[in-house]
Amino acid sequence: MDLSMVSTREDAEFMSRALHLAERGLYTTDPNPRVGCVIVKDGQIVGEGWHRQAGGPHAEIEALRQSGDRADGATAYVSLEPCCHHGKTPPCTDALISAGIARVVAAMKDPNPRVAGEGLKKLKEAGVDVACGLLENAAAALNPGFCKRMKTGRPYIRSKLAMSLDGRTALPSGESKWITGEDARRDAHRLRARSSAIVTGIGTVLQDDPELTARLPEQAGEILQPIRVVLDSRLRIPATTRLAGGGNRTMVLTAVSDEERTQALSDSFDIETLPATLDGRLDLTAVVDRLGHGQFNEVLIEAGPTLNGALLRENLVDEWIVYVAPVVLGDQARGLFHLPDLTRMAERFELTISDVRQVGRDLKLTLHKQ
């Protein structure tokens with residue numbers, strides 16, 4: 001698309017507003033992307049909207065409703081290419097054309113194969129001026145999971161870890177509450193809230209009995225609670241765990257076919273059997289594929305060193321979030337990853353630090369795989 005039409009400062013300001021609106025759907029749109037739209041006429045905003053939840057009106061429709069007849073001859077700034085297919089709602093391209101929109105500026109193409117440039121093409125064929133690419137990186141950063149799932153069939157996987165200054169996650173007894181401060185824990189709940197699913201291992205369930213819900217009191221009514229997923233190769237999960245109640249239903253992925261045990265747990269959990277490795281553990285690649293098939297966009301791992309070590313070895317995590325607390329737990333405490341002994345530096349696992357910031361008393365490191 002011709003980017004020369006979207007090079008003005010005014011265009012950038014209106015697209016920034018559309019991105020800001022899209023962010024309002026951070027906790028509610030699954031499995032759909034977060035999208036914002038601003039309609040501008042004669043340099044003034046006449047309508048704006050954002051996608052609030054799956055099945056509801058898209059951002060463009062919300063903005064058109066607000067703008068009314070003023071949409072005729074106006075420009076629509078959209079953080080994602082307008083859809084051109086019938087899903088739970090009619091195509092946004094048809095609505096924009098019918099409203100008389102003269103120009104559409106999209107931050108990025110829709111990675112959904114059902115759209116993938118066809119929305120912009122349809123608008124152009126109808127006589128609408130179109131442009132694409134303004135603030136594209138910022139738009140893609142709003143929807144890492146949707147973009148990855150549309151392109152690969154797999155979700156964007158983020159693992160959240162908390163450690164002491166000497167790289168420890170728990171005392172030898174297993175006690176780990178609380179390594180980090182309150183601000184870091186609140187920040188971690190924001191990670192939960194934006195996730196489609198939270199995945200943990202059976203070891204963490206048996207040790208800590210977590211609830212794995214997103215708790216943000218200031219936005220309690222605006223959060224679509226993530227699905228809880230437990231990786232439990234031998235189906236050891238007790239029916240009395242807190243994961244059996246509260247929040248959404250809990251999915252248990254196992255590597256054994258035990259009809260009697262499955263039936264006993266069926267009132268509390270949704271149990272599925274997946275392929276196993278030669279040593280009887282869940283095949284993590286099969287797990288990731290299953291999560292993608294379930295239309296999970298962003299998946300948060302909250303687990304111990306065994307599962308995190310396995311995920312690191314198999315290079316299945318896209319982003320690592322590590323909170324570092326200014327405390328020391330000693331060399332007998334538990335480490336961050338269970339990994340095989342490395343004999344050469346060439347065997348080390350390397351990550352790239354993309355962000356460092358202070359959250360309360362703690363440091364928050366964001367790392368990506370190379």
More than 12 heavy atoms from other groups under 6.0 Å of CZ on Arg361: yes
Parallel, tilted or perpendicular: ring planes of Tyr77 versus Phe14, cut at 30 and 60 degrees: tilted
Ionic contact status for Lys109 with Glu81, cut-off 4.0 Å: no
Cluster overlap Leu26 with Tyr156, hydrophobic side-chain contacts below 4.5 Å: no
Side chain to side chain, Leu300 and Arg192, heavy atoms closer than 4.5 Å: yes
Leu231 vs Leu307, side-chain contact (heavy atoms from CB on, under 4.5 Å): CA-CA, chis, key distance, verdict: CA-CA 9 Å; Leu231 307 189; Leu307 179 54; 3.9 Å; yes
Full working for side-chain contact (heavy atoms from CB on, under 4.5 Å) between Leu274 and Asp283: CA-CA 7 Å; Leu274 294 182; Asp283 182 328; over 6 Å; no
Electrostatic pair Asp11:Arg103 at N-O distance under 4.0 angstrom: yes
Pairing of Arg34 and Glu298 as salt bridge, 4.0 angstrom limit: yes
Salt bridge present between Arg9 and Glu13 (N-O < 4.0 angstrom): yes
Backbone N/O of Arg52 and side chain of Thr28: donor-acceptor pair under 3.5 Å: yes
Enclosure of Gln263 CD (heavy-atom neighbours >12, cutoff 6.0 Å): no
Expected output: side-chain Asn112 to main-chain Met150 donor-acceptor under 3.5 Å: no
Hydrophobic cluster membership, Val115 vs Leu134, 4.5 Å side-chain cutoff: no
Exercise: do Asn308 and Ser159 side chains pair donor with acceptor under 3.5 Å: yes
side-chain contact (heavy atoms from CB on, under 4.5 Å) assessment of Leu265 paired with Ile237: CA-CA 9 Å; Leu265 294 169; Ile237 192 167; 3.9 Å; yes
Joint hydrophobic cluster, Val359 plus Val327, side-chain heavy atoms closer than 4.5 Å: no
Test item: Asp209 side-chain N/O and Val205 main-chain N/O as donor-acceptor pair under 3.5 Å: no
Gap between atom CD1 of Ile353 and atom CG of Leu365 - 0.5 Å precision: 6.0 Å
Atom CZ of Arg281: over 12 foreign heavy atoms under 6.0 Å: no
Polar side-chain atom of Ser195 near backbone of Ile198 as donor-acceptor pair, under 3.5 Å: no
Under-4.0 Å salt bridge between Arg357 and Asp355: yes
Working for salt bridge (Lys or Arg N to Asp or Glu O under 4.0 Å), residues Arg215 and Glu211: CA-CA 10 Å; Arg215 297 185 290 278; Glu211 191 174 358; 3.8 Å; yes
salt_bridge(Arg186, Glu182) N-O dist < 4.0 Å: yes
Over all atoms of both residues, closest heavy-atom pair of Ser233 and Thr254: O-OG1, 2.9 Å
Test item: Asn143 side-chain N/O and Cys147 main-chain N/O as donor-acceptor pair under 3.5 Å: no
Ser164 to Ile179 - nearest heavy-atom pair and separation: N-CG2, 4.0 Å
Residue Asp279 excluded, over 12 heavy atoms near CG under 6.0 Å: yes
Short side-chain donor-acceptor distance under 3.5 Å, Thr29 and His51: no
hydrophobic_cluster_shared for Leu224 and Val299, side chain cutoff 4.5 Å: no
Residue of the set Lys369, Arg154, Arg149, Arg158 for which salt bridge (Lys or Arg N to Asp or Glu O under 4.0 Å) holds with Asp318: Lys369
Side-chain donor/acceptor of Lys364 to backbone N/O of Ile321, under 3.5 Å: no
Trp50 with Val105, same ILVMFWY side-chain cluster at under 4.5 Å: yes
Under 3.5 Å donor-acceptor, Glu48 side chain and Ala18 backbone: no
Pair Asp94 + Lys122: basic N to acidic O under 4.0 Å: yes
Flag, side chain of Ser196 to backbone of Asn297, donor-acceptor distance under 3.5 Å: yes
Trace of the side-chain contact (heavy atoms from CB on, under 4.5 Å) decision for Asn32 with Asp30: CA-CA 5 Å; Asn32 290 356; Asp30 263 1; over 6 Å; no
Between His368 and Ser354: side-chain donor-acceptor atoms closer than 3.5 Å: yes
Under 3.5 Å: donor-acceptor pair, side chain of Ser79, backbone of Gly36: yes
Nearest non-hydrogen partners of Ala162 and Leu336, listed with the distance: O-CD1, 4.4 Å
Sidechain-backbone polar pair: Ser67 side chain, Ala63 backbone, donor-acceptor under 3.5 Å: yes
